[in-house]
Number of protein chains: 2
Amino acid sequence: MSIAIPYAPAAGFNVTSLTERRLLHETVIDQLRDLIVQGELAPETKLNERVLAERLGTSRTPLREAIKFLASEGLVELLPHRGAVVAPLKPEKMKEVFVVLGALEALAGDLACRNATDADIAEIRALHYHMLAHHARGELAQYFRYNQQIHIKLMECAGNATLAQVYRGLNAHVKRARYLANLSRERWDKAVKEHADILDALVRRDGARLQVLLRDHLANKLVLVMEALAAQRGEVAR
Amino acid sequence: MSIAIPYAPAAGFNVTSLTERRLLHETVIDQLRDLIVQGELAPETKLNERVLAERLGTSRTPLREAIKFLASEGLVELLPHRGAVVAPLKPEKMKEVFVVLGALEALAGDLACRNATDADIAEIRALHYHMLAHHARGELAQYFRYNQQIHIKLMECAGNATLAQVYRGLNAHVKRARYLANLSRERWDKAVKEHADILDALVRRDGARLQVLLRDHLANKLVLVMEALAAQRGEVAR
DNA sequence: TGGGGCTATTTTGCATACAAAAAATGTTTG
DNA sequence: CAAACATTTTTTGTATGCAAAATAGCCCCA
């Protein structure tokens with residue numbers, strides 16, 4: 001992930017404006033990653049190079065480079081002489097990812113309690129209230145958006161770019177599962193309550209407590225994802 | 001990193017034998033990674049595509065794909081329109097990596113205490129004694145070898161492939177610094193002693209204790225690396 | 001009907017060709 | 001002599017071409 005360019009507009013703006021220092025294969029990386037994370041390219045979808053290249057308006061060469069990059073991130077799997085497929089969403093893999101994410105978020109929480117400025121915490125509080133607002137209105141997509149932003153901001157507060165990078169990579173996997181989770185109101189309320197506790201611990205800069213909360217929060221999220229995956233499998237089998 | 005093929009002979013065997021399902025760009029990935037980790041391609045070395053491709057006996061296309069893959073691992077950095085360089089060994093980056101590695105190893109230790117079979121632990125004990133033997137003889141390279149194997153085996157015992165994969169990626173960075181660490185006998189003895197404690201905690205399956213030990217062990221290792229980096233910088237500045 | 005083996009088509013993997021950007025070189029001028 | 005400019009050379013980025021592998025289609029036959 002160590003491209004010099006920070007983070008850029010995801011999809012197909014065609015502004016040949018100022019900052020056209022972006023390379024084709026980099027935009028392709030972002031486009032392809034988005035297609036996968038957003039679920040437009042479902043897990044286990046075969047990536048036909050000719051078709052995809054055409055769709056993304058490029059040739060196969062930059063596309064193949066992008067695929068290799070994402071293979072290293074683990075979002076696609078390479079099958080020798082048979083191309084690449086979007087990485088499958090296996091329950092077993094999800095469990096593994098969540099365990100690692102748990103450790104990473106716990107670490108981030110601990111670090112954030114020490115390193116975050118008051119302004120940082122104020123920002124997280126603001127994001128938290130945005131999230132609450134969307135929760136109140138039942139706007140799931142917006143809720144997720146701010147939810148993610150809170151976690152990412154927490155990562156930033158930890159002040160460890162490497163940690164943030166590893167987190168982002170693993171989180172990309174998890175985000176794919178989000179679109180199939182059918183959150184019950186009860187579960188949703190519980191998640192929001194957990195977030196309140198998380199914010200509280202951060203404000204009190206209680207690193208030990210925050211670690212526990214974040215780990216539990218992730219464990220609960222894992223349960224949701226597993227249920228969703230099970231339900232989906234049930235549908236498929238039906 | 002999600003290539004179907006597990007782990008393969010690192011460097012240039014030219015056996016066109018049974019398992020010649022390996023693709024060129026995959027062997028190139030491994031070769032290039034080795035060159036970087038072994039320090040043959042020093043940090044900040046510019047990767048000239050034509051020269052490197054020739055050296056590795058391939059064309060630029062698979063090489064570029066390999067570079068993209070390793071860029072995602074963070075071993076090389078991409079500079080738009082200016083190619084790629086071996087990722088620099090910045091002290092700040094090292095600190096970050098060690099902190100994350102600490103959390104990952106701690107997690108692995110905890111999991112290993114629960115999941116390791118007695119045979120696993122026996123194997124680690126065996127590796128430990130090999131390591132002691134090489135320490136006694138002052139054989140640093142061999143010592144490192146078994147040291148690494150112990151840590152990797154511990155990762156395996158955790159039974160979380162995702163964890164192991166992330167660990168491997170970050171560990172590759174650290175390994176690069178190993179070659180410039182000039183271990184004093186005193187420091188070396190201390191590290192060995194720490195390993196004895198680690199083994200002990202594992203045998204007793206004391207996860208909490210093992211976590212602490214592993215974190216401390218890594219923290220000490222970081223100190224060594226930082227000193228080595230500082231010394232190196234001093235030399236360069238001289 | 002359905003399965004095995006052959007051929008044709010598609011797709012991947014790698015090499016090469018070409019265009020654009022950057023670096024190196026040389027030249028001029030103050 | 002140095003600095004700025006222009007020109008050449010090198011290097012990167014992308015597209016295309018070609019060979020090998022995999023897939024699909026087809027025919028034949030039990």
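Regarding Arg64(A), its CZ atom lies at a distance of 14 Å from the P atom of dT11(C), rounded to whole Å. Regarding Glu54(A), its CD atom lies at a distance of 15 Å from the C1' atom of dT16(D), rounded to whole Å. Protein atom CG of Leu56(A) is 16 Å distant from nucleotide atom C1' of dA15(D), rounded to whole Å. In this structure, the CD atom of Glu26(A) is 8 Å from the P atom of dG13(D), given to the nearest Å. At whole-Å resolution of the value, NZ in Lys68(A) and C1' in dC14(C) are 11 Å apart. Distance, Arg22(B) CZ to dG13(C) C1': 15 Å, rounded to whole Å. As a whole-Å value, the separation of Leu63(B) CG from dT16(C) P is 14 Å.
Contact annotation: His25(B) reaches the phosphate of dC14(C) (side-chain N/O to OP1 or OP2, under 4.0 Å).
Closest heavy-atom contact between Tyr143(A) and Ala191(A): OH-CB, 3.9 Å. Minimum interatomic distance between Pro91(A) and Met226(A) (heavy atoms only, all atoms of both residues): CB-CE, 3.5 Å. The shortest non-hydrogen separation linking Lys68(A) to Leu78(A) is CD-CD1, 3.8 Å.
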What are the atom names and distances for every N/O pair under 3.5 Å that joins the protein to nucleotides 5-11 of chain D?
unit_1, atom_1, unit_2, atom_2, d
dT11(D), OP1, Asn48(B), ND2, 3.2
dT11(D), OP2, Arg50(B), NE, 3.4
dT11(D), OP2, Arg50(B), NH2, 2.7

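Between Gly83(B) and Gly57(A), the residue whose closest nucleotide on DNA chain D is further toward the 5' end is Gly83(B).
Considering only the side chain of Thr61(A), dA15(D) comes nearest among dA15(D), dT16(C), dG13(D). Of all nucleotides listed (dG13(D), dA15(D), dT12(C)), dG13(D) comes nearest to the side chain of Arg60(B).
Checked by atom type and distance alone, the side chain of Asp120(A) never pairs as donor or acceptor with a backbone atom of Cys157(A) at under 3.5 Å.
Two residues are said to be in side-chain contact when any heavy atoms from C-beta on lie closer than 4.5 Å; Leu127(B) and Glu123(B) meet this criterion. Inter-residue side-chain proximity for Thr27(B) and Pro62(B) is flagged as unmet; no heavy-atom pair is nearer than 4.5 Å.
Partner of Val99(B) under the side-chain contact (heavy atoms from CB on, under 4.5 Å) criterion, out of Leu163(A), Leu107(A), Thr162(A): Leu107(A) alone.
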